[in-house]
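Just so you know, these numbers come straight off a predicted model, no measurement behind them. So you know, we letter chains A, B, ... as the sequences are listed, proteins then strands, and number each from 1.
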Amino acid sequence: MASHAASARKSYASDFERRVDEVKVSKTDLNHLVMNYLINEGYQKAALNFAKEAGISLDFPAMDERIKIRNDIHSGNIQSAIERINCLHPELLDTDPSLHFSLLRLQLIELIRKCTAVPDGDITPALDFATTHLAPRAPGNIAFLEDLERTMALLCFPKDNLAPPLAELMDPALRRRVAAQVNETIMEAQGLQKEPKIRSLVKLRAWSEDCARKDRDLPPLELGLDIGTFD
Amino acid sequence: MGMSSAKKPQSHRGLAFDVVEHPPSRDEVTNFLPSRWNENDKSASLELLNGGTEVRFIGPAKVSNESDAAAVRADRPMPPQCGLFYYEATIVSAGKEGFIGIGFCTEKVSLSKLPGWEQESWGYHGDDGNIFCCQGTRKSYGPKFNTDDIIGCGVNFRNNTAFFTRNGVLLGVACRDINKGRLYPVVGMKKAGEHVRVNFGQQGFFFDIDRYMKEEKAKTYEEINRHSITRLCPQLDETALIQALVSQYLAHDGYVDTARAFAEDVQNESQALDSDASRLGISSLDPKGDADAVNRQRIRTAILQGDVDLALELTEIFYPNVLKDNELLFFRLRRRKLVEMIREVAETVHDDNAGQKNGYNGNTRNDFDHDMDIDEPATSYEGMDVEDYQSQSKTSQVKNALEAAVQYGQQLRIDFQSDGRPEIKKPLEEAFSLLAYTDPKSSVLAHLLDEEGRIADGEELNSAILVSLGKSSAAALERLVKQSSVLIQDISEEGGPGAFVNLRNDYLRDCY
């Protein structure tokens, strides 16, 4: 009985690869998946080239402004990004206070970064900004309040020796996250999916493997990405 | 007061077809769904009416034991891979006390008790509104049944729970940990006058099952979206992993310009972010060094533009063995050329026809179709107007192109004469029958001329070249989709979390 189960497991594993090979995936579906990603993430050059090379018609709202906004946020020009957003979708930040707050806080972080970059930097602009723009928004919202306090703490500690939760604020990854949030909100405002489908697909793949491993002897599943060449 | 007319029923088939990952055809699905009460699987005290959709207690009126009753099972079990099964029963008459139980059970359960009185049996009882789960447990649950009530019973195979509804109102989770045996809908009753009519989805349901389904699906998708992806590739975070997948896909499938542009876009982004650009290994995203990728791109472009000769020539130069080793592929490409030759003719004719319909002079040219008849080419051109001169030269152009196509097709047929494989015979015949239509672009075979065909052939050739180079024929992204497809099939086999997931509809279709 036990050996029967063992051999069943073994044949499941070897069958699995064969079944994977037999699945038919439409190239058109895959190309659209990639195009959806390029458009959503604002990889404009790639999207234009892909339309040509893969024979896909390009039909989507202009993304120039979306890309400029992203680049502004990535490079820390938050003021400019906010102005562009207000120009593109005047009601967007008013209707999303938490997104607006995220942007303003990022702007504060950039001001702090500037004044802590040099010894004896002037912290007045950062303080002024915090008092004028962030403090009035914070009282009604615990999360805002905590975020603001944490950000202000950046002024008290030397920048090269920050505790992890503070260091996180100075990490460029935060810019990336806020930029992604803004992008999603703009996509939604333009009636598009806020997240590229490939993101959900990757999660689906990870989730379904973990579910299957709970009670099955899956063979190791290779992605087939030659990561060695990526480092 | 009758309840049944109060609300418009939705159209729903009881089984959520669209959640089956590899959906069987609609007929197959219907063939394994419960459809009626089973004449051969019922207590003698019950009578079926109306093609097995109604059941009535006929006696004996007196029973020896207090728990004795009469039950009937449906003709088929509920398929767990559907994720959710739901049916409704209308209480045509509750009799004096409403000793009616509605639920589900396995085939082992005897038919002499109300549902829920025995192991592997679950039921909602009308006389007291209680839920009975597998013999022992009884708990107060909902209202009692009255005549005209509509009682719904749903089994959620995702989380192995069951719920009931009354007159369209969800009464909440009734039982958990339902075992995964084959479960049949069951109804039991006890007293004369009790009478129930069932709807296994042939009619719309009183309860909004679509909404329930949507909410359940959303729960699964939330779970998926919260799931960590670390296991896929611990070295890369989500953003970097997706960039790597896309970049590898573009390079693998020979979209060289796009791959290069993508690498640039990503690099610009990284620079703005001031993050460690080398994390992604931009140099490896740059396919300049890969001569094969460039060659494959040229070949694909040629096919996408319909220039099969150029594609064949390039393949012959760079990958001489590919066509030798893949006879079917070679055939497929030559057949593509034939289709392209016919397309050229078709496009001229189609444009002409379209022009005619919108023509300014409104002259009918009934002989046009005749002119295009390939068996009798160009019989009636004498006496044409001078204005038609242009169309005449066009016509002779068409004629020549048509002859060339026929010739090419005949040669192709000769070359593969002895090959009876359906992969050869059928496509060749189809291509030839295109010639039978004066305007193939408006014919039933017009799909053969779709650009999609070029893309598919180009991909096939690209894959073959990759294989000949010892590379995997599928890019990592494609493989990821394939693996997901099999994984989801497996985890939804017996219900469970995968049952509400549809890879194609929810992840691949309508991407943009």
Side-chain angles (χ1 to χ4, degrees), chain A residues 16 19-21 23 25-30 32-40 43-46 48-50 52-55 60 70-71 74-75 172-173 175-176 192-193 196-212 216 221-227 229-231, chain B residues 223-225 227-229 231-233 235-236 238-239 241-242 244-246 248-250 255 257-258 261-262 264-266 269 272-275 280-281 284 297 301 304 451-452 455-456 459 472 476-488 490-491 497-498 501 503 507-509 511-512:
Chain A
F16 192 88
R19 289 168 58 216
V20 168
D21 285 337
V23 175
V25 182
S26 136
K27 287 282 179 184
T28 315
D29 283 353
L30 286 176
H32 282 176
L33 187 73
V34 168
M35 189 55 130
N36 167 267
Y37 165 77
L38 297 177
I39 291 171
N40 193 304
Y43 294 125
Q44 189 166 31
K45 251 186 245 159
L48 292 171
N49 274 288
F50 197 49
K52 229 184 294 162
E53 277 189 299
F60 56 88
R70 185 194 64 192
N71 289 346
H74 280 175
S75 48
R175 290 180 181 172
R176 191 198 275 276
L192 301 166
Q193 287 153 14
K197 289 217 169 188
I198 194 171
R199 228 169 249 288
S200 333
L201 182 69
V202 167
K203 286 180 190 151
L204 177 73
R205 163 69 178 71
W207 173 83
S208 56
E209 179 178 351
D210 288 338
C211 285
R216 268 163 244 263
L221 295 183
E222 298 295 329
L223 268 191
L225 265 183
D226 196 1
I227 296 301
T229 65
F230 284 88
D231 325 300
Chain B
E223 186 189 324
I224 296 172
N225 279 331
H227 199 82
S228 153
I229 62 140
R231 92 140 45 234
L232 291 183
C233 186
Q235 305 99 302
L236 301 180
E238 187 181 300
T239 304
L241 173 63
I242 293 173
L245 279 169
V246 168
Q248 196 262 358
Y249 176 79
L250 295 172
Y255 299 110
D257 294 342
T258 312
F262 181 61
E264 265 174 59
D265 279 341
V266 169
E269 189 188 19
L273 256 176
D274 186 35
S275 67
L280 238 182
S284 69
Q297 177 204 31
T301 308
L304 283 187
E451 304 259 331
E452 289 289 307
I455 297 175
E459 297 300 342
S472 162
L477 178 61
E478 182 171 354
R479 206 154 173 80
L480 182 137
V481 173
K482 289 173 165 212
Q483 289 168 340
S484 305
S485 169
V486 176
L487 287 167
I488 286 158
D490 285 355
I491 60 176
V501 175
L503 179 62
Y507 290 88
L508 293 174
R509 292 257 178 88
C511 259
Y512 84 107

- Query: Which atom pair, heavy atoms only, marks the closest approach of B:Ser228 to A:Ala206?
  - Reply: O-CB, 3.7 Å

- Message: Between A:Leu204 and B:Ile488, is there a side-chain heavy-atom distance shorter than 4.5 Å?
- Response: yes

- Message: Report which part of B:Leu245 has an atom under 4.5 Å of a heavy atom belonging to chain A: side chain, backbone, both, or neither.
- Response: both

- Message: Side chains of B:Tyr507 and A:Ile198, heavy atoms from C-beta outward: is any pair under 4.5 Å?
- Response: no

- Query: Is there side-chain contact between A:Val34 and B:Tyr255, with heavy atoms separated by less than 4.5 Å?
  - Reply: no

- Task: State, with a plain yes or no, whether a side-chain heavy atom of A:Val20 is found less than 4.5 Å away from one of B:Arg479.
- Result: yes

- Correct closest heavy-atom pair for A:Trp207 and B:Val501 would be CZ3-CG2, 4.0 Å

- Proximity breakdown for A:Ser200 and chain B, heavy-atom pairs closer than 4.5 Å: both

- Note on the structure: Value for CG (B:Leu480) from CD (A:Glu209), rounded to nearest 0.5 Å, stands at 10.0 Å

- Task: Against chain B, label A:Arg199 side chain, backbone, both or neither, depending on which of its atoms sit under 4.5 Å from a heavy atom there.
- Result: both

- Message: Looking at A:Glu222, is its backbone amide N or carbonyl O close enough to the side chain of B:Gln483 to form a donor-acceptor pair, meaning the two atoms are under 3.5 Å apart?
- Response: yes

- Just do the side-chain contact (heavy atoms from CB on, under 4.5 Å) check on B:Glu478 and A:Val23 with the steps written out, would you? CA-CA 10 Å; B:Glu478 182 171 354; A:Val23 175; over 6 Å; no

- Gap separating the NZ atom of B:Lys482 from the CZ atom of A:Arg205, nearest 0.5 angstrom: 13.5 Å

- Task: Check each atom of A:Asp21 against the heavy atoms of chain B and say whether the ones under 4.5 Å are side chain, backbone, both or neither.
- Result: both

- Item | Contact check, side chains of B:Leu503 and A:Leu201, non-hydrogen atoms, under 4.5 Å | yes

- Closest heavy-atom pair and its distance - B:Val486, A:Phe16: CG1-CE1, 3.5 Å

- So do the side chains of B:Glu269 and A:Arg176 get within less than 4.5 Å of each other, counting heavy atoms only? yes

- Message: Let me confirm one number: the NZ-CD distance from A:Lys27 to B:Glu459, rounded to the nearest 0.5 Å.
- Response: 4.5 Å

- Task: First locate atom CD1 of B:Ile491, then atom OG of A:Ser208, and finally report the distance between them rounded to the nearest 0.5 Å.
- Result: 5.5 Å

- Task: Just give me the residue among B:Thr301, B:Asn225, B:Val481 that pairs up with chain A most often, heavy atom to heavy atom, under 4.5 Å.
- Result: B:Asn225

- Task: Identify which part of B:Leu304 has an atom lying under 4.5 Å from any heavy atom of chain A, answering side chain, backbone, both or neither.
- Result: side chain

- If you take all heavy atoms of B:Asp265 and A:Ala46, which pair is closest and at what distance? OD2-N, 3.0 Å

- Would B:Asp257 and A:Lys45 pass as an ion pair if we require N to O under 4.0 Å? no

- Query: Would you say the side chain of B:Leu241 lies within less than 4.5 Å of the side chain of A:Leu225, judging by non-hydrogen atoms?
  - Reply: yes

- Answer with side chain, backbone, both or neither: which region of B:Ile455 has an atom nearer than 4.5 Å to a non-hydrogen atom of chain A? side chain

- Item | Point-to-point distance, once rounded to the nearest 0.5 Å, from CZ of A:Arg216 to CG of B:Asp490 | 5.0 Å

- Item | Minimum side-chain heavy-atom gap B:Phe262-A:Tyr37 below 4.5 Å | yes

- Message: Looking at every heavy atom in both A:Lys203 and B:His227, which two are closest together, and how far apart are they?
- Response: CG-O, 4.3 Å

- Task: Please determine if A:Asp210 and B:Arg231 form a salt bridge, counting it only when a charged side-chain N lies under 4.0 Å from a carboxylate O.
- Result: yes

- Determine, step by step, whether A:Leu221 and B:Leu232 satisfy the side-chain contact (heavy atoms from CB on, under 4.5 Å) criterion, reporting the C-alpha distance in whole Å, the side-chain angles of both residues, the deciding distance to 0.1 Å, and the verdict. CA-CA 9 Å; A:Leu221 295 183; B:Leu232 291 183; over 6 Å; no

- Note on the structure: Greatest number of non-hydrogen atom pairs under 4.5 angstrom with chain B, of A:Ser26, A:Ala173, A:Pro196, A:Ser75, falls to A:Ser75

- Kindly compute the distance separating CG (A:Leu33) from CG (B:Leu477), expressed to the nearest 0.5 Å. 5.5 Å

